[in-house]
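Before any comments, here is the structure.
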Amino acid sequence: MLSRALTIWQQALQQAGTWTAIVWTAAFSLLLFLVLALIGAGGIFALIAHPAFMSNPNVLSYNMARFAGSFLIIDLILLAAGPFLTAAIYGLYGQAVRGERVSWETFWIMGRRLYGRGWGFILYIILYFLALMIFAGILVMLLHRIGVIVVLLSLILSMPWVLRMAGGLFVDQLPWSQSFAASFRSAHYGSLLLGIILTGIVYIFVIGLVFFIIHSLGFVGSILMFLIDLVLSVAGPVWLLSLYVADQS
């Protein structure tokens, strides 16, 4: 499975469109920041710039309402943007690991097409960590240090479920219920878990080695570390989805 995943990963990264995720994520984040900054600045300006706000309680109340409203709008925009960004990035990677051609437009196409699945994955992650926190609280309370070890092992053992959920939503583009049910199937669970564990070991080793080498280079090292982080931000998720596709075949 690992050799199959490696082939899928290499083919996906060879597509220039796969790397557009970095550019579009930066552009999307910058645009979002500018919009939120303008809305927030408008709310603050409405609160402090009116000449009568110090002496007229009615005007002050109105401006306070506008100030609160501007930050409510900011919260709603952030709430709506998260699923879009999730769907756009993982939808793009999903197309790449399937062997589909990806281009500059794929990011936005996937963001629109898989927007609901972006919400579904975020909901799944929230429920996953909520269940894990409840489980961890009970075990730590009953078993203390042994409970901590059991929780960590449970976190590692559940990683294939999370990966299969992401793969089902963004690679196979299944409905939420089908992705959720498929994430618990036992077939190839061990090989997928082994692939995830080996990935974690290699990642920690590479990051530690790179940090050790770059740390001595000062400012240049910081720039190199930033560039390596950008590369890993694409190569890492694409590799995990490649494991998912290899697990399916």
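By the 4.5 Å heavy-atom criterion applied to side chains, Thr20 and Thr106 are not counted as neighbours. Using a 4.5 Å cut-off on side-chain heavy atoms (C-beta onward), Met110 and Arg117 make no contact. Using a 4.5 Å cut-off on side-chain heavy atoms (C-beta onward), Arg113 and Gln173 make contact. Leu123 has its side chain out of reach of Trp119: every pair of non-hydrogen atoms, C-beta onward, lies at least 4.5 Å apart. Proximity of Ile197 to Ile156: side-chain heavy atoms (C-beta onward) are separated by under 4.5 Å at one or more points. Proximity of Leu194 to Leu198: side-chain heavy atoms (C-beta onward) are separated by under 4.5 Å at one or more points. Trp239 has its side chain within reach of Leu6: a pair of non-hydrogen atoms, C-beta onward, lies under 4.5 Å apart. Within the 4.5 Å cutoff, the side chain of Phe107 has heavy atoms near those of the Thr25 side chain.
The two residues Leu174 and Leu169 come nearest to each other via the heavy atoms O-CD2, 3.6 Å. Listed here is the closest heavy atom pair of Leu243 and Ile196: CD1-N, 4.1 Å.
Between Tyr128 and Tyr124, the angle of the ring planes stays under 30°, which puts this pair in the parallel group of the 30/60° scheme. Ring geometry, Phe180 versus Trp176: the interplanar angle falls under 30°, so the pair is classed parallel (tilted spans 30 to 60°). Using cut-offs of 30° and 60° for the angle between ring planes, the Trp108 and Phe28 rings count as tilted.
Between the side chain of Thr7 and the backbone N or O of Ser3, at least one donor-acceptor pair lies under 3.5 Å.
Val23 is connected to Phe84 through a chain of hydrophobic side-chain contacts under 4.5 Å among Ile, Leu, Val, Met, Phe, Trp and Tyr, so both are in one cluster. Both Trp19 and Leu227 are members of a single hydrophobic cluster when ILVMFWY side chains are connected at heavy-atom separations under 4.5 Å.
Arg164 and Asp172 are not joined by a salt bridge, as no carboxylate oxygen comes within less than 4.0 angstrom of a charged side-chain nitrogen.
Each of Tyr93, Phe170, Trp9 was evaluated against Leu241; a single residue qualifies, Tyr93, per the side chain to side chain contact (heavy atoms under 4.5 Å, CB included) test.
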